[in-house]
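We use all heavy atoms of the structure for the numbers below, so side chains are in, but hydrogens, waters and symmetry mates are not. Note that the coordinates shown come from a computational prediction; the quantities given were computed from them, not determined experimentally.
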2 protein chains.
Amino acid sequence: MSRPTFSDFKQEALGELEVREEYLALSATYDLRKKLIALRQKAGLTQQQLATVLHTQKSNISRLENVNSAISPKLSTIEQYAHAVGHEVKIEFIPKNHT
Amino acid sequence: MSRPTFSDFKQEALGELEVREEYLALSATYDLRKKLIALRQKAGLTQQQLATVLHTQKSNISRLENVNSAISPKLSTIEQYAHAVGHEVKIEFIPKNHT
DNA sequence: ATGTGGGTTATCTTAATTGATAACTAAAGA
DNA sequence: TCTTTAGTTATCAATTAAGATAACCCACAT
């Protein structure tokens, strides 16, 4: 095992308290982006088509969906996207096991 | 019945198409704020205490929780709040009945 | 009456997201 | 090969959320 795996990074990151918050936040947005892409594709829309519906540009749609982008989208942005692909947004809060 | 009720406003607002999206967005954030307050209270924290945990000010917490505020919070903001009260954020997409 | 604690509102500043345009890659077809 | 389509990336301007400070209200207690 030469190069560090994602799991390695994960372990090291969780070491520091402040980094942990960041990690969890990233994982949540990562999950979100995957869902957004799936919704769009299921709706049979391209980024360009969705952009047109939302009166914006395809580059902005790409930025929103792209995992590499460092942005944390506004709730309203997520909602507009969801509505455009025929869905409502529901936010749930799951209790954490605080050891 | 002299003054208009919220229900009246709702009906009138739904009349126009562009306003409808806005209404749905508002209702979602309204729902969110109620949940946030409930989580904080269940955690036994005041706005001041939560603000301290998040290294911010109680006025900012109030703005986030307050229904009247016109802001649409960032996903990361919601997550930080949730983590501080011992919860994880999960976003779900509910299919709409497109008549 | 005075003070304290919890929450709200207003305002300014700062930081970040979003809008918009353009240039680019990669894949698929004609 | 040339073209088109889908998606990415970079950049800058414009909008907006978040940080910070201060003043305020209200309930409650001493």
Side-chain angles (χ1 to χ4, degrees), chain A residues 18-19 21-85 89 91, chain B residues 6 18-19 21-85 87 89 91:
Chain A
E18 295 189 0
V19 180
E21 295 287 75
E22 213 34 49
Y23 171 74
L24 293 173
L26 283 176
S27 76
T29 53
Y30 175 74
D31 199 61
L32 170 72
R33 296 180 210 281
K34 283 192 303 182
K35 285 183 184 170
L36 290 181
I37 297 175
L39 287 178
R40 178 173 59 82
Q41 291 177 340
K42 207 164 110 183
L45 296 176
T46 65
Q47 287 184 348
Q48 175 59 71
Q49 290 172 321
L50 182 55
T52 301
V53 173
L54 294 176
H55 304 99
T56 184
Q57 282 67 39
K58 64 173 183 172
S59 57
N60 298 327
I61 302 294
S62 176
R63 177 173 55 193
L64 181 63
E65 293 180 351
N66 198 325
V67 174
N68 295 326
S69 84
I71 69 164
S72 185
K74 292 196 296 175
L75 179 55
S76 60
T77 304
I78 300 171
E79 283 175 335
Q80 287 170 12
Y81 187 115
H83 295 163
V85 294
V89 176
I91 298 188
Chain B
F6 177 72
E18 295 189 0
V19 180
E21 294 287 79
E22 214 32 52
Y23 170 76
L24 292 174
L26 284 176
S27 77
T29 53
Y30 175 74
D31 198 61
L32 171 71
R33 296 179 211 281
K34 283 193 304 182
K35 285 182 184 171
L36 289 181
I37 296 175
L39 287 178
R40 178 174 58 80
Q41 292 177 340
K42 207 164 110 184
L45 296 175
T46 64
Q47 288 185 347
Q48 175 61 72
Q49 290 173 320
L50 182 55
T52 301
V53 173
L54 293 176
H55 303 98
T56 184
Q57 282 67 40
K58 65 172 183 173
S59 58
N60 297 327
I61 302 294
S62 176
R63 177 174 54 193
L64 182 62
E65 293 180 351
N66 198 325
V67 174
N68 296 327
S69 84
I71 69 163
S72 184
K74 293 196 295 175
L75 180 55
S76 61
T77 304
I78 299 171
E79 283 176 335
Q80 288 170 14
Y81 187 117
H83 295 162
V85 295
H87 287 253
V89 176
I91 299 188

In whole Å, I'd like the distance from the CD atom of A:Gln47 to the C1' atom of C:dA26.
14 Å
Length of the line joining B:Glu65:CD and C:dT8:C1', which is rounded to integer Å
11 Å
Select base, sugar-phosphate, or nothing to describe what B:Gln48 touches, counting heavy atoms under 4.0 Å on all strands.
nothing
How close or far is atom P of C:dT9 from atom CD1 of B:Ile61, stated in whole angstroms?
15 Å
Is it true that the side chains of A:Arg63 and A:Asn66 contain a donor and an acceptor less than 3.5 Å apart?
no
I need the single residue from B:Leu54, B:Leu75, B:Val53, B:Val89 that forms a side-chain contact (heavy atoms from CB on, under 4.5 Å) with B:Gln80. Which is it?
B:Leu54
Figure out the CD/P separation between B:Gln80 and C:dA15, and round it to whole Å.
16 Å
Heavy-atom pair of closest approach, residues B:Ser76 and A:Ser72
N-OG, 2.8 Å
The side chain of A:Ile71 is closest to which nucleotide in this list: C:dG7, C:dG19, C:dT18?
C:dT18
Using the closest heavy atom to pick a nucleotide of DNA chain D for each, name whichever of A:Ser59 or B:Leu75 lands nearer the 5' end.
A:Ser59
With heavy atoms of chain A within less than 4.0 Å as the criterion, where does contact along DNA chain D begin and end?
D:dA6 to D:dA17
Partner of B:Glu65 by side-chain hydrogen bond (donor to acceptor under 3.5 Å, both in side chains), out of B:Lys34, B:Lys35, B:Arg40, B:Arg33:
B:Arg40
Using whole Å, report how far CD of B:Gln41 lies from P of C:dG5.
19 Å
Between atom CG in A:Asn66 and atom C1' in C:dT17, what is the gap in whole Å?
16 Å
Atom-pair distance (CZ on B:Arg40; P on C:dG6), nearest Å:
10 Å
Heavy-atom closest pair (B:Gln57 atom, B:Ala51 atom, distance to 0.1 Å) is C-CB, 3.4 Å
Report the distance from atom CD of B:Gln57 to atom P of C:dC12, rounded to the nearest whole Å.
18 Å
Hey, which sits more toward the 5' end of DNA chain C by its nearest nucleotide, A:His55 or B:Ile37?
B:Ile37
Please state whether the phosphate of C:dG7, meaning OP1 or OP2, lies under 4.0 angstrom from any side-chain nitrogen or oxygen of B:Ser62.
no
Hey, which of these two, B:Lys58 or A:Asn60, hits DNA chain D nearer its 5' end, going by closest nucleotide?
A:Asn60
What are the two closest heavy atoms between A:Leu36 and A:Tyr81, and how far apart are they?
O-OH, 3.0 Å
Donor-acceptor pair present, B:Arg63 side chain and C:dG7 base, under 3.5 Å:
no
Spacing of A:Ile78 atom CD1 and B:Lys74 atom NZ [to the nearest 0.5 Å]:
12.0 Å
